Each structure stands twice: as C-alpha cells, then as structure tokens.
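Please read the structure below before turning to the comments.
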Amino acid sequence: MITRSAHEMATALEAGDTTSEKLTQEHLDRIAAVDGDVHAFLYVDTEGALSQARGVDARRQSGEKVGPLAGVPLALKDVMVQHGVPTTAGSKILEGWRPPYDATVVAKLKQAGIVILGKTNMDEFAMGSSTENSAYGPTHNPWDLSRIPGGSGGGSSASLAAFEAPLAIGTDTGGSIRQPAAVTGTVGVKPTYGGVSRYGLIAFSSSLDQAGPCARTVLDAALLHEVIAGHDARDATSIDAPVPQVVKAAREGNVKGMKIGVVKELNGDGYQAGVRSRFEESLELLANEGAEIVEVSCPNFEYALAAYYLIAPSECSSNLARFDAMRYGLRVGDADGASAESVMNFTREVGFGREVKRRIILGTYALSSGYYDAYYGSAQKVRTLIMDDFKRAFNSADVLVSPTCPTTAFKIGEKANDPLAMYLNDIATIPVNMAGIGGMSLPCGLAPEDGLPVGFQIMAPAMQDQRMYSAAAALEASLLTKWGAPLLSQIPALGGSK
Amino acid sequence: MSTLSRADVANLARLARIEMTDQELDDLSSEMDVILSAVARVQEVATSDVKPTSHPLPLRNVVRGDVVTPSLSPEAALSGAPASEEQRFRVPQILGEEA
C-alpha cells in the first residue's frame, strides 16, 4: 500500500479495504526500516500519528462524512509549528522547543483528518539548497544515498521518494519546494504568494515565503493544495479570494489550445545535457497533446539571483532578530550579572549555523545606512523589472516553462564550501518567488548520463494556479504512457518492505 | 565596489548581536567580498526610472473588530521560556548597575 498514491490510499480507506491506523502503522514501519539511511525525519510522532489515525477511523465508522484525504499520512516540514511537537526549523537555537499552538496549515490538516507522521529535516531556517545546512545532519537522496535530496525541504521530498509518506508539506522562498521535488523525482508546488497562510510558518523572508503541497502525483498535490489553501485572518498577506480549482484542473489535465511559453533565459548554457534533453522531450509531448509551444524572453531574469541574495538576507536579518534568548528557545551565558545583550550575543553565536550567520551579516550590511540604496534598494528595483518581464511573457503565453534546476542531484559535500555555486541551483526557481506567482515541478525523466531525476517547471500568473495543474496533469499522463510505470518505480531499492 | 574589512564584519556582527570568533570574522570577511561582488550586479539595471517593489501584493492595513477572542494562557505562553517567574519571562539584566 505504501507505494500507491495518496488518492488511491484514500479510496481504499473509503471502501473499507484498510484503516488509517493500519496505513499509518505501515508508514511508521517503513520509516523505522529506511530512515536510518535516508534521515528524512527529525522527529517521528508515533503516538500522535496513531491516535490521530484511530480518531479518523472512528469518525468514518460512525458514518461521518470525512474529507477526501482523511486518514492518509503526511510528513510536515519542521519549519511549521505543531502544538506540543518538537519544532526546530533545523536549528540548534530551537532544539527541544514545543510550540504552544498550531500553524494554520497544521490546523487545516488536522481538520481534514490528515495524519501527521512527524517533522522533516531541512536546511536551517530554510536557508539552503541541499539540506546540508541542517544542524542535525544531512538528508540523503533515496535515488543515491551519497547525493543531496535538494533543499531546503530535502526531508519532505526524500520522505516521498523513500515511500515513508505519500504526502508532505514544504515551504518555498527561492525554490525550496520545487528544487527538492526535481532532484528526487517527486511533485512540488509553490502556490501563488498569499494563497496559503503563513501563520505559524517560521519566517525566513516574509515577502517570499510560501507553503505548498509535495506529493508523488499531480492529483495528490492538488488534493493537498485545496486542503491547505484559503484566506486566513491571522495572516495579513493572505489573499481573500476563492481558492483556484486545482483538483478539477488536475483531473482534466487538458492542454489543447494552451499557449506554453519556453523562457529563453532559463535554458542553455549552464544546464546539464540530460536536463535539457528531457525538457525538450516533454515539450514535444505537450505539443502532441495540442499545446502551442512559443518562446518568450525575460531579459531581467539574469539579475534575479543577485537580487534574491540581497532581499532574502535583508528580510532574514530582521526576522531572525526574534531569536533573542528571552522568551523561548536556547539561552546561553545567563550567569550572575551577565547582561541581556551578552546573553543574546552568546546564544546567537552558539545557536545559529554558518549559513544563517552569513546571511544575517549580508542582510545587516545591505540594509545599513549608506549602502541601502546601492544594495537593498537596487534589488527592489530588479524585483519590479522581473515582475514586468513576467507580465509581458504572460501576454503571449498561458503558462511558462523551464527546467526546474540546471543539474540533477549533486554529491553531499560537493558544494558545501562554495556558497555562490550552491546559490546557482536556484537560478530557475527564484524569479517565481520574486513576482509572487505560482510555480511547480514535476518529474520528466532521468538524465541519461547519471540516471538521476530531472524536474520540469511550470509557472502561472498569480491566482491562476489551476493552469499549472492542467498542464502538469497532461504532461504526467503522457509521460506515464511513455514509461509504462511511474518514474519512482525505477528507484533503487532501499531495503525494507520494497 | 565596496569591500568589507574584518573590522567592518565585526561591527556588523555586533549590530546583529552575534558574538563571533576570530576565525569566523576572518572567513566571513573574505566570503563577503565574493558574495558582494556577485550581488552588486543588481546596480547594472537599477536605474532611477525604475520603481522599487517591496512586496508582490498590493498591501493594505488589515483590521478587525475590537472583540476579545481566545488566546494563549499565561502557562502556554511561558511554556518555552528559558526562565520565568510569577507569570513573567525572567530575563538577564537589561540596564547596568549604575543606570
């Protein structure tokens, strides 16, 4: 059962072929068998998950009408606070902290009867592209344990690829849902900014952060998307409008007459040969399904990465000021007579990792008097130019597409000491966050040269998320016909119950 | 193009409330030079006729009625505190002895 889609699991639950308790136990057994190798989870909530599962079973048995994913297990990125469950955001500064409330996303999951298995590993405060920046050690890619599972949400994507969970929640500030999905052969969606509440999402860069669904199929992602999306009065940037009909779009999967714009600047030099060939093949499949493929140009995208590495650190230097050792989290150096300031200084020195400190310093500099206009101010102007590029491109195309990442998964340790090389991973995913639009990644095959998954990125205008699901479902169906089985069926066995 | 000296980084660390080791200051000042020269590219297109964007949505103030709604109990709010006393967060001294 664990290799099936979440939708199939839900159907089996509804038909009475299994129970949520059994299904949850199967996933817990799988985690026990393989997570020593994968390390997708920072915390497994065995008792909480089983009791939640029994609760859903009882509701169903009593004849209550439950939601479409009720009883299906899920892995939660550790950046989302969950009442009473250890939540660290991958940082030592929050080690042992048990939040006193639920994030809105978590509350919605619980209300929908979705069973939360535990918290998944991530780059500290979601800063990274490999999960190597976690204070609790890296996660390993189930396709090749010596490689990275992407980041920052590498734990969520790896848990899906390792069949430890059929659904996961991620958050995406510059690609942290889509890039991990790409390198693990799974599906990841960054909804329109404001489409999913940020209440209870530990903030990294507030104008860019967006939670979204991770899954193994496009339909599963859509089902989860509709559970977590919607207006929330507790998030001042939450959009007060109806949720786009993504499940309907994923069921129909129609691209007839759809104009698909290939972004010229997000391809070519710097993109691995196998990534490019799988991308081109997918374009042909979409054309065969009746889509019209056009080329669009977004000349300012080449400045997106530079602007991102000013805006995100600037916002993070402000957001992470809350970790001050006063109200929650780590406190170091609180000896007799020590001042609050020295306690803060020592706590933040011990509690934050290297990449987090690097970004706080960069952000503090970019915002400082005398440099503000040259750095943060200029980056904000680039943001305008990127939004204008998207506007023009969407005048001639319904959705835009590109490879999700320039390369397949690299080796753990390969780029750990070269921040700029690491940042380049996000070159194709960042423009979406800068403009606040929707973006997703779905698997489009294995690169011939290394046998590793390649991601296909689809982007849609704000609050038109259903368009990406239509295109993704059509492509997924064509690829499935071509492959004869889901891509993940080719994953090397991890041992355990496979 | 500005470069950051070790003293500049030490000052930024002080402003950001991080007590850094000598080794960290050395490493960061050389890394910052590389990163700053890469991100300074934004200045090539950030001309005076381009308006800055701080946020992807047109933001407006969000208000609600002045109605009491359920919130955290003092026990829950203090549950993660490193130290507490009489339903308050206990913090190290903020002002010096003389102040």
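Note that the structure is a prediction, hence the values are computed from the model and not measured. Any value given below was found using the heavy atoms of this structure, including those in side chains, with hydrogens, waters and symmetry copies removed. First the proteins, then the strands, lettered A, B, ... as listed; each starts at 1.
- Side-chain atoms of A/Ser339 come within 3.5 Å of backbone atoms of A/Ser342 as a donor-acceptor pair (strictly under, hydrogens ignored).
- Options A/Glu315, A/Arg354, A/Met434, A/Arg98 differ in how many heavy-atom pairs under 4.5 Å they form with chain B, and the most are formed by A/Arg354.
- One N or O on the side chain of A/Arg327 and one on the backbone of A/Arg322 form a donor-acceptor pair closer than 3.5 Å.
- For chain A, the nearby part of B/Met32 is the side chain; its heavy atoms alone come within less than 4.5 Å.
- Counting heavy-atom pairs under 4.5 Å between each of B/Val39, B/Asp8, B/Val91, B/Val9 and chain A puts B/Val39 at the top.
- Put simply, the side chain of A/Lys92 never gets that close to the backbone of A/Gly353: no donor and acceptor are under 3.5 Å apart.
- Distance alone, capped at 3.5 Å, is enough to place a donor-acceptor pair between the A/Asp209 side chain and the A/Phe204 backbone.
- The backbone N or O of A/Met463 lies less than 3.5 Å from a partner atom in the side chain of A/Thr192, making a donor-acceptor pair.
- For A/Ile239, the part sitting under 4.5 Å from any heavy atom of chain B is the side chain, from C-beta outward, and nothing else.
- For the set B/Ser84, B/Ala77, B/Pro56, B/Ala13, the count of heavy-atom pairs under 4.5 angstrom toward chain A peaks at B/Pro56.
- Of the listed residues (A/Pro419, A/Gly436, A/Ser378), the one with the most heavy-atom contacts under 4.5 Å to chain B is A/Ser378.
- Looking at A/Ala435, the atoms closer than 4.5 Å to chain B (heavy atoms on both sides) all sit in the backbone: N, CA, C or O.
- Remark: the backbone N or O of A/Gly174 is paired with a side-chain donor or acceptor of A/Thr429 at under 3.5 angstrom.
- Neither the backbone nor the side chain of A/Ala335 comes within less than 4.5 Å of any heavy atom of chain B.
- Only the backbone of A/Ala338 comes within less than 4.5 Å of a heavy atom of chain B; no side-chain atom from C-beta onward does.
- Among B/Asp27, B/Leu15, B/Ile18, the residue with the largest count of heavy-atom pairs under 4.5 Å with chain A is B/Ile18.
- Put simply, the side chain of B/Thr53 never gets that close to the backbone of B/His55: no donor and acceptor are under 3.5 Å apart.
- The closest donor-acceptor contact from the side chain of A/Arg348 to the backbone of B/Ala16 lies under 3.5 Å.
- For A/Glu265 and A/Ser297, the side-chain atoms include at least one donor-acceptor pair closer than 3.5 Å.
- The candidate with the highest count of non-hydrogen atom pairs below 4.5 Å against chain A, out of B/Pro82, B/Gly80, B/Ala83, B/Ala38, is B/Pro82.
- Among the candidates A/Tyr303, A/Phe352, A/Phe346, the residue making the largest number of heavy-atom pairs closer than 4.5 Å to chain B is A/Tyr303.
- The contact between A/Thr237 and chain B is made by backbone and side chain atoms together, counting heavy-atom distances below 4.5 Å.
- For chain B, the nearby part of A/Leu420 is the side chain; its heavy atoms alone come within less than 4.5 Å.
- For B/Ser79, the part sitting under 4.5 Å from any heavy atom of chain A is the side chain, from C-beta outward, and nothing else.
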Cut-off 3.5 Å, no hydrogens considered: what does the side-chain donor-acceptor table look like for residues 57-76 of chain B, sequence neighbours left out?
unit_1, atom_1, unit_2, atom_2, d
B/Arg64, NH1, B/Val67, O, 3.2
B/Ser73, OG, B/Ala76, N, 3.0
B/Glu75, OE2, B/Gln87, NE2, 3.3

A/Tyr372 and A/Tyr365: CA distance, side-chain angles, deciding distance, ring-ring contact (aromatic ring centres under 6.0 Å, His included) verdict:
CA-CA 8 Å; A/Tyr372 182 98; A/Tyr365 178 71; over 10 Å; no

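- Residue contact with chain B, scored on non-hydrogen atoms closer than 4.5 Å, involves the backbone and the side chain of A/Met344 alike.
- With a 4.5 Å cut-off on non-hydrogen atoms, A/Asp336 does not touch chain B at all.
- The contact between B/Leu12 and chain A is made by backbone and side chain atoms together, counting heavy-atom distances below 4.5 Å.
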